[in-house]
Amino acid sequence: MKQAVDHFARDLNPTVRDSVHHASKLKYDSRLGALTKDFPDPDKLRRTAGQVKQHTLEHLDQYLEQAEANFQRNGARVHWATTGDEANALIAQIMRDGGAKRMVKSKSMVSEETHLVPYLEKEGFEAVETDLGEFIVQIDHDHPSHIVTPIIHKTRQDVARSFEREGLGAYTEDPPTLTAIARKHLRQKYLEAEVGLTGANFVLADTGQIVLVTNEGNARFSMAAPRIHIALVGIEKLLPRRADLPLFLSLLGRSATGQHLTVYTQLIGGPRAPEQPDGPEEMHVIFLDNGRSEILAGECREILRCIRCGACLNVCPVYRQSSGHAYRSVYPGPVGAVLSPLLKGKQFPELADLPKASSLCGACNEVCPVDIPIPDLLLRLRRKGKKEKAPAACVDTPSFGLWSTAATSPGIWKTGLALGHAMNVVPHALFNLEPSARAWQSSRDLPPFKGGAFRKWVHQHQSEKTKNR
Amino acid sequence: MSASRNEILGRVRAATRSLPHPTYHPDYPSDLSHSGRSPRDGVDLARHFAEQLKGTHAIFAEDWPALAKLLSAETKGLGYCAPDFADALKSAWPEATIETTFDRARVDEYTFGITPAWGAIAETGTLILTDGTTPSRLAALAPWVHVAVVPRERIFATVAEAMTALPDDPSIIFVTGPSKTADIEGILIEGVHGPGRQLALIM
């Protein structure tokens with residue numbers, strides 16, 4: 001039996017694989033260029049940023065309370081939601097209270113996590129994604145496959161067909177024309193909507209501001225036309241001080257897209273200024289837990305440092321071959337292989353195979369702007385899967401019981417070594433009788449067995465020592 | 001709602017209370033984030049800003065006549081201009097139709113918008129907009145062309161320096177180049193929801 005991610009990679013449409021591979025490699029290269037050109041020692045920045053986030057997480061209760069007080073001082077209303085369902089219900093209630101029917105949404109991974117759009121539609125509201133990629137995902141009833149570039153798996157022809165089908169314009173494969181069509185269509189949506197919803201890349205505890213980092217300008221529009229602004233924010237997004245922001249901005253833009261600064265960086269603290277004609281009269285901040293406090297209590301809490309840059313996806317050999325949908329969850333790639341099973345809480349076994357979808361090559365840790373030890377966390381989760389006897393964690397994994405018996409009984413061990421040497425004289429084609437050995441050998445050669453050399457060396461060494469005495 | 005608040009804070013407290021080796025906030029120097037783009041001491045900040053601005057695909061206008069020339073080539077001549085600059089623009093570009101209040105109902109008729117910036121950052125070629133200095137958020141966002149007029153005395157050397165000087169304002173926006181996307185096949189396209197042309201002028 002194969003792992004689910006393997007299945008997905010095998011059956012993946014080659015065009016999709018090529019799109020994903022090409023685009024992720026492109027972003028990996030520009031990241032490397034942007035970081036090393038501008039900083040003599042980028043690792044120092046990564047380690048420092050990691051320490052700031054780790055510190056924040058370990059003192060999260062204080063920073064949350066500080067942020068809450070500062071938001072309130074700035075005129076924003078603060079809400080708390082323990083689950084995604086609770087957050088969705090809160091948002092619907094804010095909309096009803098404000099007499100609102102229509103929402104424009106800026107890109108927010110956390111709203112994917114709570115399944116906000118389908119919920120609002122069921123409740124009779126209109127909710128439109130405005131990030132170009134997310135808009136295309138929405139009209140295709142698809143799911144994002146990358147946390148920064150959601151339609152990395154689609155070609156311009158796919159987009160052209162979708163726009164034609166939705167009656168947005170005549171068929172065209174020209175990306176600038178497609179973008180212009182979306183600009184015109186979504187502009188009307190901004191002007192009609194009463195509510196703009198955003199996430200937050202960071203929350204500043206000492207000033208009570210959310211920080212939003214975007215390239216398209218949709219988050220700006222969502223806070224220029226509608227009269228109510230709702231920010232849905234995971235509790236792990238905090239930074240202690242505004243003075244920490246430059247460090248994180250330097251790393252985020254370069255790690256995500258190779259930009260030294262993303263086009264728009266917004267610091268939003270409260271409703272519009274009194275003299276300002278445009279923008280929200282109300283600002284609501286919703287702090288969402290949805291499993292995060294449980295992760296904080298566990299042995300993988302470092303994953304909460306993540307700032308969602310996507311660099312670990314772009315560099316990951318498994319992600320490049322399998323694409324984001326293989327991870328069957330909102331967060332794909334190496335970060336998703338850790339975060340997604342953990343966010344499942346009691347349903348952890350459903351995704352217990354994801355921590356195994358990695359060769360532990362360590363590239364994800366090397367590129368991580370907050371230095372998350374992802375390979376270590378993957379190992380911790382593999383152990384958790386085994387301990388909890390999650391079937392998905394045990395697929396394709398031999399039982400180590402036999403191994404430990406052999407390794408702790410010298411007699412069996414020596415016999416094993418002798419058998420190993422015998423293998424060198426047996427034709428390897430003979431092993432092909434066993435199906436899993438055949439599969440293994442189909443693309444690999446078994447190296448000659450060299451076991452026992454250490455024992456020989458010890459014996460020799462000891463006898464030489466006695467001789468020299 | 002306060003029940004959820006107490007529940008979340010309680011769980012967070014329980015999760016972090018007994019950590020054996022708490023991590024301290026690293027007391028790092030504020031110049032850690034200064035990049036190879038930061039201006040050296042003694043460099044003219046306005047010139048450095050203009051150079052970095054060009055690197056972001058934004059356009060630098062030397063003065064009002066130069067701006068008028070750029071705008072007449074790029075736009076249809078109808079646009080919004082903040083009241084403070086209307087005279088300067090009119091004398092440089094008499095043929096233009098200038099409105100000094102932004103009418104939301106005709107949002108797509110304006111082909112340019114000229115608004116004051118609060119400040120700028122030389123290191124990254126960034127413009128800083130605030131609610132306090134922008135007469136209309138939409139006027140700085142909806143037209144295809146946006147012109148930010150930067151006060152010379154508030155050009156900061158680095159992002160870190162600007163960050164410590166920011167005003168108390170509900171909406172502070174760093175603008176680094178025109179609106180863009182690479183969502184379709186990684187191809188760079190400028191002008192998605194915001195301005196496709198970003199201009200700056202120093203006063």
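All values below were derived from every heavy atom in this structure, side-chain atoms included, with hydrogens, water molecules and symmetry-related copies excluded. Each chain gets a letter, A, B and so on, in the order its sequence line appears, and its residues count up from 1.
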Measure distances from [X] to the heavy atoms of chain A and classify the residue's part below 4.5 Å as side chain, backbone, both or neither.
| X | value |
| --- | --- |
| B:Ala140 | both |
| B:Ala142 | both |
| B:Leu19 | side chain |
| B:Ile187 | side chain |
| B:Leu127 | neither |
| B:His57 | neither |
| B:Thr130 | neither |
| B:Ile189 | side chain |
| B:Thr164 | neither |
| B:Pro178 | backbone |

Quiz item: Would you call B:Arg106 and B:Glu99 a salt bridge, taking side-chain N to carboxylate O under 4.0 Å as the test?
Solution: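 Between B:Glu99 and B:Arg106 there is a salt bridge, with a charged N closer than 4.0 Å to a carboxylate O.
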Quiz item: Can we say B:Arg5 and A:Glu68 salt-bridge, meaning some charged N sits less than 4.0 Å from an Asp/Glu carboxylate O?
Solution: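 So B:Arg5 pairs with A:Glu68 through a salt bridge.
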Practice problem: Could you tell me whether A:His284 and A:His79 have their ring centroids closer than 6.0 angstrom? | Solution: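 Centroid distance A:His284-A:His79: below 6.0 Å, so yes.
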Measuring from [X]:[atom1] to [Y]:[atom2], what's the distance to the nearest 0.5 Å?
| X | Y | atom1 | atom2 | answer |
| --- | --- | --- | --- | --- |
| B:Lys76 | B:Thr111 | NZ | OG1 | 7.0 Å |
| B:Ile8 | A:Asp289 | CD1 | CG | 5.0 Å |
| B:Ile173 | B:Trp118 | CD1 | CH2 | 14.0 Å |

Look at [options] and state which one has the largest set of heavy-atom pairs under 4.5 Å with chain B.
| options | value |
| --- | --- |
| A:Glu275, A:Lys37, A:Met283, A:Arg187 | A:Arg187 |
| A:Val159, A:Leu212, A:Leu45 | A:Leu45 |
| A:Thr262, A:Thr130, A:Val148 | A:Thr130 |
| A:Ile136, A:Thr48, A:Asp131, A:Ile235 | A:Thr48 |
| A:Leu251, A:Leu245, A:Leu296 | A:Leu296 |
| A:Arg242, A:Gln54, A:Gln266 | A:Arg242 |

Which portion of [X] sits near chain B, non-hydrogen atoms under 4.5 angstrom:
| X | value |
| --- | --- |
| A:Pro271 | backbone |
| A:Ile268 | both |
| A:Arg241 | side chain |
| A:Ala76 | neither |
| A:Asp41 | neither |
| A:Ser19 | neither |
| A:Glu294 | neither |
| A:Pro240 | side chain |
| A:Leu178 | side chain |
| A:Arg292 | neither |
| A:Leu60 | both |

Is the side chain of [X] donor-acceptor paired with the backbone N or O of [Y] at a distance under 3.5 Å, no angle test?
| X | Y | answer |
| --- | --- | --- |
| B:Arg197 | B:Ala58 | no |
| A:Glu86 | A:Thr82 | yes |
| B:Asp131 | A:Ala273 | yes |
| A:His59 | A:His55 | yes |
| B:Tyr80 | B:Pro143 | no |
| B:Glu185 | A:Arg156 | yes |
| B:Asp183 | A:Glu134 | no |
| A:Asp29 | A:Leu26 | no |

When only pairs under 4.5 Å are counted, which of [options] shares the most heavy-atom pairs with chain A?
| options | result |
| --- | --- |
| B:Thr126, B:Thr56, B:Val107, B:Leu166 | B:Leu166 |
| B:Arg104, B:His25, B:Met163 | B:His25 |
| B:Pro135, B:Ser18, B:Gly132, B:Gly177 | B:Pro135 |
| B:Gly194, B:Gly186, B:Gly196 | B:Gly194 |
| B:Thr181, B:Val159, B:Thr124, B:Leu138 | B:Leu138 |
| B:Ser35, B:Gly125, B:Pro26 | B:Pro26 |

Quiz item: Taking all atoms of both residues into account, what is the closest heavy-atom pair of B:Leu70 and B:Ala61, and its distance?
Solution: CD1-CB, 4.0 Å
Quiz item: Does a donor on one side chain and an acceptor on the other come within less than 3.5 Å for B:Glu123 and B:Thr158?
Solution: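 There is no such pair (donor and acceptor under 3.5 Å, judged by atom type) between the side chains of B:Glu123 and B:Thr158.
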Quiz item: So among A:Tyr264, A:Tyr190, A:Phe221, which one has a ring-ring contact (aromatic ring centres under 6.0 Å, His included) with B:His193?
Solution: A:Tyr190
Practice problem: Return the orientation label for the A:His185 and A:Phe135 ring planes: parallel under 30°, perpendicular over 60°, tilted otherwise. | Solution: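 Tilted, since the angle between the ring planes falls between 30° and 60°.
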Self-check item: Ring geometry between A:Phe287 and A:Trp80 (parallel below 30°, tilted from 30 to 60°, perpendicular above 60°)
Solution: tilted
